[in-house]
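Below: one structure, written as structure tokens.
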There are 2 protein chains.
Amino acid sequence: MPQPSAPRKTRGRPPRISREEVVATARRIVDEDGVDRLTMRRLATEIGSTPMALYHHVRNKEELLLLLLDDHAARTLRRPEPPAHPRERIIVAASAIHEALAACPWIVEVLTADDLMSASALWFVEQIVDGLVECGLTPERAVHGYRAIWYYTAGEIVVRATAARRRADAGPDADRATYRERIFADLDPDELPRLAQVADNWAPLTAEDTYLDGLRAVVDGLLVSR
Amino acid sequence: MPQPSAPRKTRGRPPRISREEVVATARRIVDEDGVDRLTMRRLATEIGSTPMALYHHVRNKEELLLLLLDDHAARTLRRPEPPAHPRERIIVAASAIHEALAACPWIVEVLTADDLMSASALWFVEQIVDGLVECGLTPERAVHGYRAIWYYTAGEIVVRATAARRRADAGPDADRATYRERIFADLDPDELPRLAQVADNWAPLTAEDTYLDGLRAVVDGLLVSR
DNA sequence: ACCTGAACACCGTTCAAGT
DNA sequence: ACCTGAACACCGTTCAAGT
């Protein structure tokens with residue numbers, strides 16, 4: 001969430017770079033070359049300044065990454081027309097968050113910020129908590145339900161992003177892909193019969209995108225009276 | 001999973017350090033000082049050798065971290081007596097994985113290895129997939145169900161571990177804690193009424209450990225015929 | 001086969017000083 | 001107030017050589 005910059009004092013040396021410029025340039029670097037390539041030194045160079053100048057606008061690299069996440073959320077989260085049925089409102093809001101995050105897998109490094117990714121996401125959290133309450137949960141259980149949905153969503157993003165990263169830097173002659181294959185090929189069907197049974201389909205099955213199915217299951221489970 | 005070391009050739013210089021020693025020393029460093037402090041250089045020093053000697057026993061740091069995860073899984077995963085009811089078998093197996101991972105939060109950096117954390121975990125995956133099949137799911141849906149449970153579990157670990165890390169290195173005068181507080185204090189009750197309603201309880205509610213409740217909800221949802 | 005020394009190509013951050 | 005230069009205290013990994 002871009003804070004309104006403090007009212008500019010007229011004293012002192014005029015700034016040459018702004019926090020907005022720092023964030024915007026960082027975003028460009030990350031989009032072009034990935035989050036690994038974002039270093040304070042490179043950022044300074046691209047902005048035409050020195051590493052130390054950056055520390056005047058952000059506290060440290062961690063804060064820069066959080067600002068980047070905020071920036072991304074504010075830029076890509078679009079509020080859908082909420083469906084009439086509360087259960088569907090929950091699904092739609094969670095899917096919107098998921099979609100925004102899935103679009104930038106580098107976010108994984110930052111994402112894992114407790115329960116709230118950004119002020120821009122509050123409206124979506126509201127939809128989820130409200131939907132759960134409308135479906136009959138107490139506010140307390142609704143907050144816990146929101147967290148279960150968030151764990152599921154964050155887990156999906158993190159697991160998928162890491163798997164993709166591994167595949168990418170394992171190269172074409174993927175030695176990592178064969179690790180799982182080797183394990184599955186060596187399964188003892190007596191000890192692990194179900195896994196042996198599905199072994200051949202494991203790769204295609206896990207390649208399917210089942211986020212939405214799983215989300216519906218999580219929501220259904222939360223709404224089942226127990 | 002410690003591979004049986006290849007049969008030792010009798011030619012060439014005898015090894016001074018072993019892969020096992022490398023992993024064991026790395027584990028000690030991580031336990032004592034955290035995963036951030038595990039560097040190839042320090043590991044070499046503590047083992048009484050040089051950084052380059054390590055590269056003779058592990059391909060690179062990433063592989064070392066995977067070995068560490070395997071080691072941890074093999075060491076801490078204990079197979080519970082599976083309950084008679086398949087639904088409870090699923091819960092018990094997932095909880096065991098969760099417990100093993102929650103005990104070493106540094107694992108987050110590595111954890112996010114696709115769908116399979118370690119060969120030692122296969123038995124637990126078997127319990128979950130089998131339980132889902134016993135409850136009436138097709139093998140295909142059971143694999144997808146396992147993944148939903150894994151996403152939820154991995155998400156819980158990652159989110160909680162990162163939150164804890166943030167709290168730890170924010171220090172006592174936590175500036176980060178007040179970020180959420182500030183956002184919740186500034187909530188517009190007209191726009192976000194539910195969040196405004198639960199704002200005061202958000203911190204205690206999210207501090208509760210609701211992994212098991214959420215897991216039960218996920219499993220219930222997967223078993224609801226849809 | 002296993003290990004070493006030296007080097008390459010970097011990091012994030014701090015300090016003291018300049019404008 | 002804002003920016004710079006130089007330095008601190010590190011990284012992971014590669015290369016060429018030694019035993």
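All chains are named by letter (A, B, ...) in the order of the sequence lines, taking the proteins before the strands, and each is independently numbered beginning at 1.
Of the listed nucleotides (C:dT4, C:dG12, D:dT13), C:dG12 has the atom at the smallest distance from the side chain of A:Tyr55. Of the listed nucleotides (C:dC11, D:dC2, C:dT4), C:dT4 has the atom at the smallest distance from the side chain of B:Thr50. Of the listed nucleotides (D:dC11, D:dT4, C:dT13), D:dT4 has the atom at the smallest distance from the side chain of A:Arg16.
Once rounded to the nearest 0.5 Å, the distance linking CZ of B:Arg27 with CG of B:Asp31 reads 7.0 Å.
The CD1-P distance, from B:Ile29 to D:dC11, rounds to 11 Å in whole Å. Rounded to whole Å, atom P of C:dC11 lies 18 Å from atom CG of B:Asp36. Summarising the geometry, the separation between CG on B:Asp33 and P on D:dC10 is reported as 13 Å, rounded to the nearest angstrom. Computed from coordinates, the A:His56 NE2 to C:dT14 P distance equals 13 Å when rounded to whole Å. Here the P atom of nucleotide D:dC2 and the CZ atom of A:Arg19 are 13 Å apart, to the nearest Å. Per the geometry, CE belonging to B:Met52 stands 10 Å off P belonging to D:dC15, to the nearest Å. Rounded to whole Å, the distance from NE2 on A:His57 to P on D:dT4 is 10 Å. For A:Leu64 and C:dC11, the CG to C1' distance is 15 Å, given to the nearest whole Å.
We find that B:Glu32 and B:Arg37 are not joined by a salt bridge, their nearest charged nitrogen and carboxylate oxygen being 4.0 Å or further apart. Note on B:Glu156 versus A:Arg147: no salt bridge recorded, every NZ/NE/NH1/NH2 to OD/OE distance being 4.0 Å or above. Between A:Arg79 and B:Glu191 a salt bridge is recorded (basic side-chain N to carboxylate O distance below 4.0 Å).
Pair check for C:dA1 finds D:dT19; Watson-Crick or G-U wobble, both atom distances under 3.5 Å. Base pairing annotation: D:dA6 forms a Watson-Crick or G-U wobble pair with C:dT14, both donor-acceptor distances under 3.5 Å.
Residue A:Ser49 places at least one side-chain N or O closer than 4.0 Å to OP1 or OP2 of D:dT4.
Between A:Tyr146 and B:Trp202, the two ring planes are tilted [angle within 30° to 60°].
C:dA17 and D:dC2 are spaced 13 Å apart, taking the C1' atom of each and rounding to whole Å. Taking atom P in both C:dA9 and D:dC10, the straight-line distance is 22 Å, to the nearest Å.
Between A:Tyr152 and A:Tyr211, the distance from one ring center to the other falls under 6.0 angstrom.
Heavy-atom distances under 4.0 Å link DNA chain C to A:Met40, A:Arg41 of residues 40-47 of chain A, given in residue order.
The side-chain heavy atoms of B:Ile29 and B:Arg42, taken from C-beta on, include a pair separated by under 4.5 Å.
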